[in-house]
Amino acid sequence: MKDYFIKRVEGHGSLKIDLNKGTARILVEEDERLFEQLIINFPYYRAPFITARICGICPTAHYLASIKAIEAAFDIKPNKTVIKFRKALLAAQIVQSHTLHLFFLVLPDYLKTRSVKEMANKYPTEFNLGLNLKNVSDKLVKTLGGREVHPLTPKVGGQEKAPSLGKITSLIEEIDSVIDEANDTYKLFNQLELPEIQQSERAYLSLDSNNYPLYQGEIITGLAGEKFKTSNYKKSIVETEREGTLVKLSQYVEKKKSKPIMVGALARLNKSSNQLENNASKLLNSSKLSLPSFNPFDNILAQAIEINHYLETAKNKLNSINKNELENLTTKVKPKKGEGVGAVEAPRGVLYHYYRTDNKGNIVKADIITPTASFMISLEEDADLLIRSNRDRSQAELELLIEQLIRAYDPCLTCSVH
Amino acid sequence: MDPFSAWRKSLMKNLTFLEMFKERKKLAIVDFTDCEGCQTEFFNVASDINSIISKFDIVSWRMTQDLSKLNDLDICLIEGTPITSYDRERAKNIRSKSSLVGSLGSCADLGGIIAILKDGERKKAFNKIYSKNKPFYRQVKPLSEIIKVDFKIPGCPIRPTYLKEALAQLLIDKLPQPKPYSVCMECKLKGNDCLLNKGIPCLGPITNGGCKAICPFNNQPCLGCFGIMEGAQVEKLKQRLIEMVGKQKTDDIFRIFLNNYI
């Protein structure tokens, strides 16, 4: 039996290229898990636990989006220390996911190796660089969230088991110990020769606030003036079903016109590069990336810059926590009938969780839109564009090129069918 | 110019992690329907430079490599649950190519989080989510009901220390065995406050240990992701929980990983 899945992407997918027609079809081969129904009738406090399991690469993003949605439904505002912890945790999660993606999924292609195994043998420095960064981001997520995969300690209204000041200090030291590595990561990816195509007519969307997109914000904005409240996302992000795939494909709709969506590192950087932390901002200026960029392959470099940015964010948030803030981090939760949306920046882009609760606080309705479902149409269009502009290449070369495009998008096919 | 030349030199002295890929016992990691969180724990274990993984030859792992050689395997770790007939056939095929098969994580071990919906409930749930696509026939069950499973590395997600231990045992041709004690025992050893004593339903007393009581340690009840311990008095705990918090809350806590026991 042939294993035909695309290698080194998160989840199962396959690729069919038709050279005559000039089309590439990316088939998501994931089976439905029905998460939006799994959580029905469960009490609110189980929703983050269950929905985190949509994805093992970005569980923290799901966990926090879920908490944010319930807090919106119950009108709860957690205190500012809790928010600091959540921001540091989510930033660490993005570093964790970007590192895994860049070093183990993307890099082998550009080093002309066929696998991580081969890359580890031929390029031990690069391999070890990735492991070091992964190791530290794992530690951050573990200390702040309770576990390196599938967090435990953030909760509706607060935070269980907040780390002590001593632990926070050692986390900051851990971050300091990999600042050079993060910098080298940027250098490494900045010197790659990335393929190039130019997208047109995309909605580059990210969470809008006073800071670089991460956790806070109730408005989504785009590069071309797109703007909507997260609580109204269903009016602007329209899902359609297509026969033969279980991904609900999303598009941005404004005045009855629809546009494919781009979310994730490049979309964030395109719109918010002026909000980058100091170091990351300097790196951006010295990079070969010129913004706004409409080349989806630049998402790779954008992620490398973001690793630097989010490490600094995590450090700043942790640095700002004082000893006297560390007590009473949980509030009493009064469940009520309501509905709420929680939107956060997952590593791959804006993630929406919507829940409706009954008066006991049980979940009665749920809707989740993942970043990969959001950018799937954009990816498909880019794949066709890539084929059309590289007609002279052989089938094998084209296959690799399309796979590189897919990896540049960093899709989470598991998330896309949830 | 090589920006890493100095570092490359210092590293070459000390490249134990390269052993990770020497010709050793052939190991494959295969995944079915799940979140892929358990296999990412391998990166966690690998970041330990003298890592136990270095003693195996990983011949197939979709997340890291192009080539997939699912032949003459010594050990195959299966993550996720095969819910389609096609995947069940794939699982059987892999079984025939590997001397040992182990389940990796709760999805393979128990059916996992998606088993919250029983097979009969899936169609209705599907129709609430999709309008155009028609529901398919899916069966969510433990891997051991589809193929013979020689050992398990349980948990949602698996724990890195447990994984290391299991790999160490496999290395010396020993099958990893479930811990002969419950989560409750590990929880006591850690000196955590008992959640049951606080009136919070917890499945620690009946669940296989090995997680070092990570959930109760973080003030979250045990939901049984390591599976039921042999000889555990499930009914007794259930009765006690029903007296304590009522049937609804008791069912809720069993539903997540131990839906079969409701």
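In what follows, chains carry the letters A, B, and so on, assigned in the order in which the sequence lines appear, proteins first and then strands, with residues in each chain numbered from 1. Side-chain atoms are counted along with the backbone in the values below, which use heavy atoms only and exclude waters and symmetry mates. This is a predicted model, so every value here is computed, not measured.
- Options A:Cys415, A:Pro108, A:Gly11, A:Gly244 differ in how many heavy-atom pairs under 4.5 Å they form with chain B, and the most are formed by A:Gly11.
- With a 4.5 Å cut-off on non-hydrogen atoms, B:Pro82 does not touch chain A at all.
- Between A:Phe104 atom CZ and B:Phe42 atom CZ the span is 14.0 Å, to the nearest 0.5 Å.
- With a 4.5 Å cut-off on non-hydrogen atoms, A:Thr245 touches chain B through its backbone but not through its side chain.
- The distance from atom CG of A:Leu34 to atom NZ of B:Lys128, rounded to the nearest 0.5 Å, is 11.5 Å.
- The side-chain heavy atoms of A:Thr153 and B:Gln220, taken from C-beta on, include no pair separated by under 4.5 Å.
- B:Ile256 places a side-chain heavy atom less than 4.5 Å from the side chain of A:Phe49.
- In this structure, A:Arg33 and B:Cys35 have side chains that are in contact, with non-hydrogen atoms separated by less than 4.5 Å.
- The structure places CZ of A:Arg147 at 8.0 Å from CG of B:Asn218, a figure rounded to the nearest 0.5 Å.
- Distance CG/B:Asn44 to NZ/A:Lys139: 10.0 Å, rounded to 0.5 Å.
- Contacts of A:Lys365 with chain B are absent, with no heavy-atom separation under 4.5 Å from either backbone or side chain.
- The closest side-chain heavy-atom distance from A:Cys412 to B:Glu36 is not below 4.5 Å.
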Original post:
Can you check side-chain contact (heavy atoms from CB on, under 4.5 Å) on B:Arg62 and A:His12, steps first, answer last?
Top reply: CA-CA 9 Å; B:Arg62 185 185 54 77; A:His12 300 80; 3.8 Å; yes
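- Summarising the geometry of B:Ser131 relative to A:Glu241, their closest heavy-atom pair is N-OE2, 2.6 Å, with the distance given to 0.1 Å.
- The candidate from A:Glu243, A:Met119, A:Arg46 with the greatest count of non-hydrogen atom pairs under 4.5 Å with chain B is A:Arg46.
- When side chains are defined from C-beta on, A:Leu246 counts as touching B:Phe126, because their heavy atoms get closer than 4.5 Å.
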Original post:
Does the pair A:Val116 and B:Trp61 meet the rule for a side-chain contact (heavy atoms from CB on, under 4.5 Å), with working shown?
Top reply: CA-CA 10 Å; A:Val116 175; B:Trp61 183 9; over 6 Å; no
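- The part of B:Asp34 that comes within reach of chain A is its backbone (N, CA, C, O), which places non-hydrogen atoms under 4.5 angstrom from that chain.
- The environment of NZ in B:Lys198 is crowded: more than 12 heavy-atom neighbours from other residues, nucleotides or ligands sit within 6.0 Å.
- B:Ile113 has its side chain within reach of A:Ile50: a pair of non-hydrogen atoms, C-beta onward, lies under 4.5 Å apart.
- Chain B forms the most heavy-atom pairs under 4.5 Å with one residue out of A:Glu239, A:Glu160, A:Lys248, A:Arg53, and that residue is A:Arg53.
- Both the backbone and the side chain of B:Cys156 come within less than 4.5 Å of a heavy atom of chain A.
- With respect to chain A, the highest number of heavy-atom pairs below 4.5 Å among B:Asp31, B:Ile253, B:Thr40 belongs to B:Asp31.
- If you measure heavy-atom distances from B:Pro160 to chain A, the contacts under 4.5 Å come from the side chain alone.
- Interface summary for chain A: among B:Ile83, B:Leu117, B:Asp252, the most heavy-atom pairs under 4.5 angstrom belong to B:Asp252.
- Interatomic distance, A:Glu10 CD to B:Met63 CE, rounded to the nearest 0.5 Å: 5.0 Å.
- Contact of B:Leu223 with chain A is made through the side chain alone, with heavy-atom distances under 4.5 Å.
- With a 4.5 angstrom heavy-atom cutoff, B:Glu41 touches chain A only via side-chain atoms.
- Interface residue A:Glu148: only side-chain heavy atoms are found under 4.5 Å from chain B.
- Of the two parts of B:Lys124, neither the backbone nor the side chain holds a non-hydrogen atom closer than 4.5 Å to a non-hydrogen atom of chain A.
- The number of heavy-atom neighbours closer than 6.0 Å to NZ of B:Lys123, taken from other residues, nucleotides and ligands shown, is 12 or below.
- Panel note: side chain A:Lys117, backbone B:Ile58; a donor-acceptor pair is recorded below 3.5 Å.
- Both the backbone and the side chain of A:Leu152 come within contact range of chain B, judged by heavy atoms closer than 4.5 Å.
- In this structure, the portions of B:Arg122 lying under 4.5 Å from any heavy atom of chain A include both its backbone and its side chain.
- Salt-bridge check for A:Asp31 with B:Arg138: passed, with a basic side-chain N closer than 4.0 Å to an acidic carboxylate O.
- Of the atoms belonging to B:Phe32, it is backbone heavy atoms, and not side-chain ones, that fall under 4.5 Å from chain A.
- The distance from the CD1 atom of B:Ile129 to the CG atom of A:Leu38 is 7.5 Å, given to the nearest 0.5 Å.
- More than 12 heavy atoms of other residues, nucleotides or ligands lie within 6.0 Å of NZ in B:Lys190, so this atom counts as buried by the packing criterion.
- Looking only at side-chain heavy atoms (C-beta outward), B:Phe217 and A:Lys161 come within less than 4.5 Å of each other.
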